[in-house]
Protein chains: 2
Amino acid sequence: MRVFWADGYDAASIDRLCRATGMPRASLYQDFGGKEGLFLAAIAHYVETRIGPVADALEPSGSLDADLSTYFARVVALATDDSQTPGCLISCVLAEVAGANDTFRLELDRRFTALEDRIAQRLDHEVASGAVTDTRALAGMLAAVSRGIMLRARSGAQAQDLDKIARVAVRASAREIV
Amino acid sequence: MRVFWADGYDAASIDRLCRATGMPRASLYQDFGGKEGLFLAAIAHYVETRIGPVADALEPSGSLDADLSTYFARVVALATDDSQTPGCLISCVLAEVAGANDTFRLELDRRFTALEDRIAQRLDHEVASGAVTDTRALAGMLAAVSRGIMLRARSGAQAQDLDKIARVAVRASAREIV
DNA sequence: ATAATTACAGAATGATCGTTCTGTATCTTG
DNA sequence: CAAGATACAGAACGATCATTCTGTAATTAT
């Protein structure tokens, strides 16, 4: 997973992947069918271990403001904590290969939609006790900001600068909902 | 340029690039020094011909709301108008290779910063006659939304859905500035 | 006209690629 | 114990890669 994240899909060689996973070549083909299958498995693992905790911040446990702040703090941390793996496997690597590979494009759409659903769910929880608004579009915007933050981290941006962006987004959400 | 945009950096072969540009192999090496140089030239051309017109919408010519709406309409159009080249050369292709190549990472940082500067400039123009606010962070957020929209387009999203996201972002900006 | 220079098609080069295969060691079963 | 199955290191395979080189045709200069 980290090799794909750091180097990209095409630049990640089977040799390198075997070494990094400690898995023999024959087993890789037997278990995953090839490079494509291994990549999809890496993404599933990334979603479970990295995106999962980020999205869990969206469980209603405090005010919307506090939950979104926690969510974005985790987004920024995920994107910047390890200089070897800047940004996001999905937004930076899967997105590139999605251009010419339909399997990957569908996977990208699926993963993006899942995050937006999660955000919209949290917003719906707030709206149920508030004003009528288009939570789906707001969720789309918050997801877009998250991805923009991931990309900015890939270019070398510091966490404190990304935190500022996140704060604007959280503020905007509060205003949109109220 | 379109080959890199559609296929990605590593998947774009020199053969394919020569055919697409109508340029003989020897000339490509003579003029650009190699694949890396050609890619950077393609990015410069993309910035001039595609990002340029988008950013020009930020010249103060109407209300901030109107200018940002025009800007985002162009972002969405750039990202979705041609199904062969979905998304953005910079946010989808350059960002991927930036992970393991410092030249590309610096270029990504440069291009991202340039767009943020442009947006901040437009916001400063508005603030000069209004309230005090952190235009840099707001510009960062608007740029992040733009990139998020580009990525969402790469996954196959339709323009009308992306327009909704843009509208939320424009509304948020108006509120932040006033 | 001839000689020199330029432009270009495509071959050559050395390397790398993803996938499949082979041989050997180890483990399991009867 | 022997036979069969499994796991694995790494070679083989056919293909592709980016870069450099070669030979030839076209153009330019004298």
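Reckoned from all heavy atoms, side chains included, excluding hydrogens, waters and symmetry mates. Residue numbering restarts at 1 for every chain, and letters A, B, ... go by the order of the sequence lines. This one's a predicted model, so the numbers in the text were calculated from it and none came from an experiment.
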When you compare the protein's N or O atoms with those of nucleotides 24-27 of chain D, which come within less than 3.5 Å of each other, and at what distance?
none

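A salt bridge between Arg118(A) and Glu59(A) is present, with a side-chain N of the basic residue lying under 4.0 Å from a carboxylate O of the acidic one. Ion pairing of Arg167(B) with Asp134(A) is absent here, as no side-chain N (NZ or NE/NH1/NH2) approaches a carboxylate O to less than 4.0 Å.
Asp109(B) meets the salt bridge (charged side-chain N to carboxylate O under 4.0 Å, His left out) test with Arg152(A); sequence neighbours excluded. By the side-chain contact (heavy atoms from CB on, under 4.5 Å) test, Cys92(B) is found to be paired with Leu151(B), Arg154(B), residues two or more places apart in sequence or in another chain being considered. Residues passing the side-chain contact (heavy atoms from CB on, under 4.5 Å) test with Thr135(A) are Leu123(A), Asp124(A), Val127(A), Thr133(A), sequence neighbours excluded.
Evaluation of the salt bridge (Lys or Arg N to Asp or Glu O under 4.0 Å) test over residues 82-96 of chain B, restricted to residues two or more places apart or in two chains, returns Arg2(B)-Asp82(B). Judged as a salt bridge (Lys or Arg N to Asp or Glu O under 4.0 Å), the pairs with a partner in residues 65-80 of chain B (not counting sequence neighbours) are, in order, Asp67(B)-Arg122(B).
Closest approach of Ser146(B) and Tyr71(B) over heavy atoms only: OG-OH, 2.7 Å.
With contacts defined as side-chain heavy-atom distances shorter than 4.5 Å, the pair Val47(B)/Ile90(B) qualifies. No side-chain heavy atom of Asp10(B) sits less than 4.5 Å from a side-chain heavy atom of Tyr9(A).
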Determine all donor-acceptor pairs shorter than 3.5 Å in which one atom belongs to a side chain in residues 22-34 of chain A; sequence neighbours excluded.
from     : atom 1 : to       : atom 2 : distance (Å)
Arg25(A) : NH2    : Asp15(A) : OD1    : 2.2

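Between Tyr46(B) atom OH and Leu78(B) atom CG the span is 4.0 Å, to the nearest 0.5 Å. With rounding to the nearest 0.5 angstrom, the CG atom of Leu58(A) is 9.0 Å from the CD atom of Gln121(A). Rounded to the nearest 0.5 Å, atoms CZ (Arg171(B)) and OG (Ser69(B)) are 10.5 Å apart.
Shown for residues 21-30 of chain A: residues whose heavy atoms fall under 4.0 angstrom of DNA chain D, namely Pro24(A), Arg25(A), Ser27(A). Listed by residue number, there are no residues of residues 94-105 of chain B with a heavy-atom contact under 4.0 Å to DNA chain D. Looking at residues 3-20 of chain A, you'll see Ala12(A), Ser13(A), Ile14(A) sit with a heavy atom under 4.0 Å from some atom of DNA chain C. Near-neighbour residues of DNA chain C inside residues 33-43 of chain A, defined by a heavy atom below 4.0 Å, number-ordered: Gly34(A), Lys35(A).
Boundaries of the chain B contact region on DNA chain C are dC8(C) to dA11(C), first to last in 5' to 3' order (nucleotide atom under 4.0 Å from a heavy atom).
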Pair Phe72(B), Ile149(B) - check side chain to side chain contact (heavy atoms under 4.5 Å, CB included), show working. CA-CA 9 Å; Phe72(B) 274 111; Ile149(B) 283 170; 4.0 Å; yes
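One N or O on the side chain of Ser173(A) and one on the backbone of Ala169(A) form a donor-acceptor pair closer than 3.5 Å.
Both the sub-6.0 Å distance and the 45° axial angle are satisfied by Arg147(B) relative to the ring of Phe112(B).
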